[in-house]
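To keep things clear, I will list the structure first and then write my remarks on it.
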Amino acid sequence: MNPIFPHFLHGGDYNPDQWLDRPDILEEDVRMMRKAHVNAVSIGIFSWSRLEPEEGVFDFGWLDEVIRRLTDNGIQIVLATPSGARPAWMAQKYPEVLRCGPDFQRMHYGDRHNHCPTSPIYREKVRAIDSALAKRYAKHPGVILWHIGNEFGGECRCPLCTKAFRDWLRNKYGTLDALNKRWWTDFWSHRITAWDQIEPPSPKGDQCNPAVKVDWRRFVSSQVRSFIEMERDAVKAYNADLPVTTNLMNRFWDYDYFDLAKAIDVVSWDSYPAWHGEDDLQTAAEFAMNHDLMRSLKRKPFLLIESTPSLVNWKDTNKLKRPGMHMLSSMQAIAHGSQSVMMFQWRKGRGGAEAFHGAVVSHDGRDDTRVFRDVEAVGKALQHMTPVLSEDTQAKACLLFDWENRWAIDFAEMGRRYAMHYFDTCVRYYRPLWEKGVSVDLRDMSEDTDLSGYSFVIAPMLFMQRNGIAEKLRSYVEQGGTLLVTYLSGLVNEDDLTFLGDAPHGLTDVLGLRAEELDTLYPGETNTLLLDNGKRVPLSRYCELPEDVAAQAVGTYGEDFYAGRPCLTVHAYGKGRAWYLAAEPADEEAMRTVMARVTDEIALPHALPDALPQGVIATARGATVFVQNYTKEERSVCLTDQWRDLITGEEKQGSAVLPPYGVWVLQKEA
Ligand code: GAL
């Protein structure tokens, strides 16, 4: 694995443009950054009105000076394009740069992240400022990465976007006949007879057709991808070798990140877990999966480009990170493949919406605070960890996670309607593997997904089967893989039209059964799975009823009119085995029990050979093992092998105490 940079990046978002009248503070920033072992900062993210105060009039003087001061002090630059927020003059002169909302009404000027992705004028203005920035800085030796815009999100329903949607559909379907057929428009008399009858789905208009809604998502996603590509090409024109990223977000629903990632060189993302809530282990599991997803988007190391050193200010309750948590959460990112620990924000501003958001430097301007010391400690630790940079996660387990399936499930008028929770369901299948120290990749149903290297593939709720996936799963099992398919699978095709014939489509002979009826339980209702090893597992939400079962029943339903019918099955197919879980385990313990039964017979590599106490997780990145304590108590860990902790240099063998929220970064003694 080739590292993106020769060392871990440590730093974060820096907004010197808010302090141009305080040169003393700008000088002090650099001194403090050096003290905190900061080696990279992201600048210019929201600087457009300083860079182009009037249309066509650019002012780079202040930025020249900021870049000089930082790079003279060994701090490298992640340089942003400012497209995430625009100057007021632009919105006033060219209202089309502003978005139209779900009611098709134009927004007024304000906030950020709310431009129209189609507007030719906005694209032209962005291209011009990006080109000017690139012309000036793309070959600067201290500039190491482009940061395109900021957290792209949302959608626009203006006339330009509406027209672009129609063009996109025309390109996809060719004829209205084809569109009508594939959109099933004879339902409720929705037959379209002219392209300009089509509007973006919205609460004011069409809401009833899931196929239209999925197509709209695909269109919006591709429109934003093309916007990012436009920016990428503008800056690359001046130095094709300078890599490009854009900061992604967790749980993000709006766009298909597997597709969007193709527009950039490096995946980076903003991670803001709500630590110290009801269940830190659940939070840690979710964010472990988020990190794995980011690594999986390009199957390359990624950057943690934003995180908070202490707290955020935009959640309902903004809680401090407890002592240890900043190191632990930073190391969690590295454990899953990050090449950086970057934070939002270096220094708190005095006004605006984020004046009370956590920062390395607070309003007191001190470098002797708890937060500052925590940041300093992470910076120092990273300096000892350079050997980890070229280490790569070797996952033998894979979870199929697919954006188009996610949209289709969320729009599906069935089951727990509009509350199917695909993302959370995926986390629930991921967690037992993560708890056992098993590394997991996430892959989608794209053509380029190759499953052949995995020993275990889980496909939770494969509701929409994209073209080719059934064949791929079949040959995966045939060649010796172990597959787990669940309830709610193989029901609709890529057009969101139901398959005709037995479900799960194309997999019934692989699974050795067909799924006939789906029972959805009321909230609070349960059934039971009776396993062949005597365990009883509570079930909730979905119970599917398999028929014609040729597979071996490993567990049966305990209650209701389907008591005694198979609920967990396994079927030998080719050289492999295909499992089918007809119902949803009700809680984490239930999920652990089922996943243990399914994975017991697969040789999946674990990060450590040792059994770990509750709340302690081991994650391997190549030969490095991160042992993480997500509890607020000390944990005694027993290590068979002899290890050395890269952060402290201490040797670890036998019984050792991991402090509350403690972490060890272990490598074997040579
Ligand atoms: C991110 C955003 C930053 C800042 C931060 C606060 O989502 O990219 O600009 O707003 O949140 O947590």
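Since this is a predicted model, take the numbers as computed values, not measurements. Both counts, for ligands and for their atoms, begin at 1 and track the order of listing.
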**Asked** For atom 9 (O) of ligand 1, what's the nearest protein heavy atom and its distance?
**Response** Arg112 NH1, 2.9 Å
**Asked** Which atoms of ligand 1 are found less than 4.0 Å from any heavy atom of Phe46?
**Response** 9 (O)
**Request:** Would you tell me which option among Lys315, His357, Met343, Glu354 has the nearest heavy-atom contact to atom 10 (O) of ligand 1?
**Result:** Glu354
**Asked** Does the separation of the ring centres of His113 and Phe152 fall below 6.0 angstrom?
**Response** no
**Item:** Atoms of ligand 1, numbered as shown, that sit under 4.0 Å from any heavy atom of Trp314
**Value:** 6 (C), 12 (O)
**Prompt:** Just wondering, more than 12 heavy atoms not from Phe356 lying within 6.0 Å of its CZ?
**Reply:** no
**Prompt:** Against heavy atoms of Glu151, which atoms of ligand 1 measure under 4.0 Å?
**Reply:** 1 (C), 2 (C), 7 (O), 8 (O)
**Prompt:** Against heavy atoms of Asn247, which atoms of ligand 1 measure under 4.0 Å?
**Reply:** 8 (O)
**Asked** Using 4.0 Å as the upper bound for N to carboxylate O, is an ion pair formed by Arg123 and Glu231?
**Response** no
**Complete:** Counting heavy atoms under 4.0 Å, the part of Asn150 that contacts ligand 1 is side chain
**Salt bridge Asp254-Arg217, side-chain N to carboxylate O under 4.0 Å** = no
**Request:** Kindly say whether the aromatic ring centers of His115 and Phe227 come within a distance under 6.0 Å.
**Result:** yes
**Message:** Side chain, backbone, both or neither: which applies to Met249 and ligand 1 if a contact is any heavy-atom pair less than 4.0 Å apart?
**Reply:** neither
**Message:** Could you check whether Lys139 pairs with Asp241 (Lys NZ or Arg NE/NH1/NH2 to Asp/Glu carboxylate O, under 4.0 Å)?
**Reply:** no
**Message:** Within ligand 1, which atoms have a heavy atom of Asp270 less than 4.0 Å away?
**Reply:** 8 (O)
**Message:** Is the distance from the ring center of Tyr255 to that of Trp403 below 6.0 Å?
**Reply:** no
**Prompt:** Quick one: nearest non-hydrogen protein atom to atom 11 (O) of ligand 1, plus distance?
**Reply:** Glu306 OE1, 3.5 Å
**Item:** Under-4.0 Å heavy-atom contact with ligand 1, by part of Ile45 that carries it
**Value:** neither
**Message:** Looking only at the aromatic ring of each residue, does the gap between the centers of Tyr422 and Phe401 stay below 6.0 angstrom?
**Reply:** yes
